[in-house]
Protein chains: 2
Amino acid sequence: MTSSSVPAEAAVPVRIGSMESSSTTGGSTRREATRQKLYEAAVTLIAEQGFSATTVDEIAERAGVAKGTVYYNFASKSVLFEELLRHGVGLLTASLRDAAEQTAREGGSRVDALDAMVRAGLVFIDRYPAFTQLYVAELWRTNRAWQSTLMVVRQQAVAVVEGVLREGVEGGEFSDEIDVQLTAAALVGMVLVAALDWKSFQPERSLDDVHAALSRLLQGRVSGKG
Amino acid sequence: MTSSSVPAEAAVPVRIGSMESSSTTGGSTRREATRQKLYEAAVTLIAEQGFSATTVDEIAERAGVAKGTVYYNFASKSVLFEELLRHGVGLLTASLRDAAEQTAREGGSRVDALDAMVRAGLVFIDRYPAFTQLYVAELWRTNRAWQSTLMVVRQQAVAVVEGVLREGVEGGEFSDEIDVQLTAAALVGMVLVAALDWKSFQPERSLDDVHAALSRLLQGRVSGKG
DNA sequence: CTTTTTGCACTGACCAGTCAGTTCAAAAAC
DNA sequence: GTTTTTGAACTGACTGGTCAGTGCAAAAAG
């Protein structure tokens, strides 16, 4: 296991295949496609069963490759998982940032930015429900190998929300008594749980519908008559 | 790894108070006490590592009993887990219901009831953080043996929140345009994620502090100056 | 153009270790 | 005397990871 006699081992450039095939420059070829298939297989299986209950054999089978191929492309089962995690949250973070920035560019308020981010979150969960499940299931675990990866990656996403809240407080749009960190976590939780519930128990509803419900809650338009 | 000499077994960070409230009914005796120890051991281990990654040997060791005792008291590993689940959510549901009813008894509004339930949720998570972790990690999984148990038990808890929202709508206190089911899920998510974040990343803060932050969000006192 | 070589990507049988669950005689606890 | 616990041995299935070998497309040699 440790210190095997591995020769030169032409440095594999840890490329993370994008969840959607970007295929910008023709660099990838077969390898990239294989990685992609493995990500997709792993994400659904782990979302369904959890990391430990998912076997490498299953992942390989679902991806339509041999088991050895998994280990040709990834150092271990947990490395595969960590790269999956990093990539997925990277997409989410970028999406949230875009939403906030575009709102600012269009002259919207901070509440508008928050609302746009809620929508961006919903769009993400709508597109990658399995990834979201898997992420939530692992986030608050302790004593796990990828704990640090998870923390870093969580902070990236939450920081975007915190940033908008902080700007809002500084600009006087939000009360300066709000607790930025906790409020950000609560907002993330609101979207996360509502969306997972949507996907799990009312999948027929439209994104706009769900967004409208959360918007109302976000903007405190719950009390009082409609 | 197995049966290592286990040094001091020092301070377990996440303490689970006895989930069996008090020994009111005298039916238990020794057996009940053993079961209790097994619950407590299982809940922390599974919260940390997940169900599949936790071995029966570990649970027995942590509980300080022999492996045979586990199988004398529970038919299987998953039966132990299911009973744990049912018991824990039973406590939460009772607690939420109490909060709502007491608010009503004292003549509070529905928002007050919601607020009381937020607090009850926080108190629960504060007392049983490991159980909460474990529950969240399993809730949205699919294809698992205890899936149906989980659904039933989830519905019990969420229904209490939905009930208060519905009463609020009927009584004109809440807008009749709110989506009861989604809003309930969002509220639960808000408390859940904020609390887990609190326990994981800001454990030094007080419950009142966290409650105040969530109250503000719940009552839409975010926008506008302090 | 044809033949040979190269080396990347992939294969799948295999191994050493692990784990849920069983068994049971004997000891404790009640 | 009965109920509960112990503790260690055992089984049989499963799993992460390994490795010698295959296939093939493009480069190099002829």
Side-chain angles (χ1 to χ4, degrees), chain A residues 1-15 17 26-39 41-42 45-46 48-84 144-146, chain B residues 1-6 23 26-42 45-46 48-84 144-146:
Chain A
M1 189 188 288
T2 53
S3 70
S4 48
S5 59
V6 183
E9 186 63 40
V12 181
V14 196
R15 273 288 289 219
S28 57
T29 61
R30 194 155 55 126
R31 189 114 188 243
E32 205 63 25
T34 302
R35 276 214 172 86
Q36 187 59 32
K37 282 192 293 185
L38 285 171
Y39 279 139
L45 284 168
I46 296 177
E48 284 169 10
Q49 307 172 327
F51 177 81
S52 306
T54 301
T55 69
V56 175
D57 284 293
E58 279 178 312
I59 296 174
E61 192 192 334
R62 170 99 56 134
V65 302
K67 187 180 188 177
T69 304
V70 176
Y71 286 93
Y72 181 77
N73 283 281
F74 299 96
S76 69
K77 187 187 172 188
S78 28
V79 166
L80 163 56
F81 182 62
E82 278 189 64
E83 294 198 12
L84 200 52
R144 304 234 78 176
W146 51 81
Chain B
M1 184 180 285
T2 52
S3 68
S4 52
S5 54
V6 182
S23 54
S28 57
T29 64
R30 194 155 53 120
R31 191 111 187 245
E32 204 60 28
T34 302
R35 277 214 172 86
Q36 188 58 34
K37 282 194 292 185
L38 285 169
Y39 278 144
E40 283 169 25
L45 285 167
I46 296 177
E48 284 168 9
Q49 308 173 327
F51 176 82
S52 309
T54 301
T55 69
V56 174
D57 286 295
E58 278 177 316
I59 296 174
E61 191 191 332
R62 182 99 121 206
V65 302
K67 187 179 183 180
T69 305
V70 175
Y71 285 93
Y72 181 78
N73 283 281
F74 297 97
S76 70
K77 187 188 173 188
S78 26
V79 166
L80 164 55
F81 182 62
E82 277 190 65
E83 295 197 10
L84 197 54
R144 304 233 77 174
W146 51 80

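Just so you know, these numbers use all the heavy atoms, side chains as well, and skip hydrogens, waters and symmetry mates. In what follows, chains are A, B, ... by sequence order, proteins preceding strands, each numbered from 1.
Listed by chain and residue number, nothing satisfies the salt bridge (Lys or Arg N to Asp or Glu O under 4.0 Å) test with B:Glu58 (two or more places apart in sequence, or in another chain). Applying the salt bridge (Lys or Arg N to Asp or Glu O under 4.0 Å) criterion to A:Lys67, with sequence neighbours excluded, gives A:Asp57.
Atom CZ in A:Phe74 sits roughly 14 Å away from atom C1' in C:dC10 (whole-Å rounding). Put simply, OH on A:Tyr72 is 14 Å from C1' on D:dT22, counting in whole angstrom units. Residue B:Ile46 contributes atom CD1, which lies 15 Å from atom C1' of C:dC19 at whole-angstrom precision. For the pair B:Glu58 CD and C:dA20 C1', the interatomic distance rounds to 13 Å; values are reported in whole Å. The distance between atom CD of B:Glu61 and atom P of C:dA20, rounded to the nearest whole Å, is 13 Å. Rounded to whole angstrom, the span from the CZ atom of B:Arg31 across to the C1' atom of D:dT2 amounts to 13 Å.
Within 4.0 Å of B:Thr69, counting heavy atoms only, lies at least one base atom of the nucleic acid. The residue B:Thr54 sits close only to the backbone: its heavy atoms come under 4.0 Å of sugar-phosphate atoms, none of a base.
In the set C:dC10, D:dT4, C:dT11, the nucleotide with an atom closest to the side chain of A:Asn73 is C:dC10.
Taking 4.0 angstrom as the limit, A:Thr55 places none of its side-chain polar atoms (N or O) nearer than this to OP1 or OP2 of D:dC14.
Between A:Phe81 and A:Ser76 there is no side-chain heavy-atom pair separated by less than 4.5 Å. A heavy-atom distance below 4.5 Å is found between the side chains of A:Tyr71 and A:Val56.
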Completion exercise
Contact string for nucleotides 21-30 of chain C, one letter per nucleotide 5' to 3', B = base within protein heavy-atom range under 4.0 Å, S = sugar-phosphate only, - = neither, reads BB------SS
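Checking B:Gln36 against B:Glu40 by side-chain atom types alone, a donor-acceptor pair falls below 3.5 Å.
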Handout entry: B:Tyr39/B:Phe74 under ring-ring contact (aromatic ring centres under 6.0 Å, His included): CA gap, chis, key distance, verdict
Key = CA-CA 11 Å; B:Tyr39 278 144; B:Phe74 297 97; 5.8 Å; yes
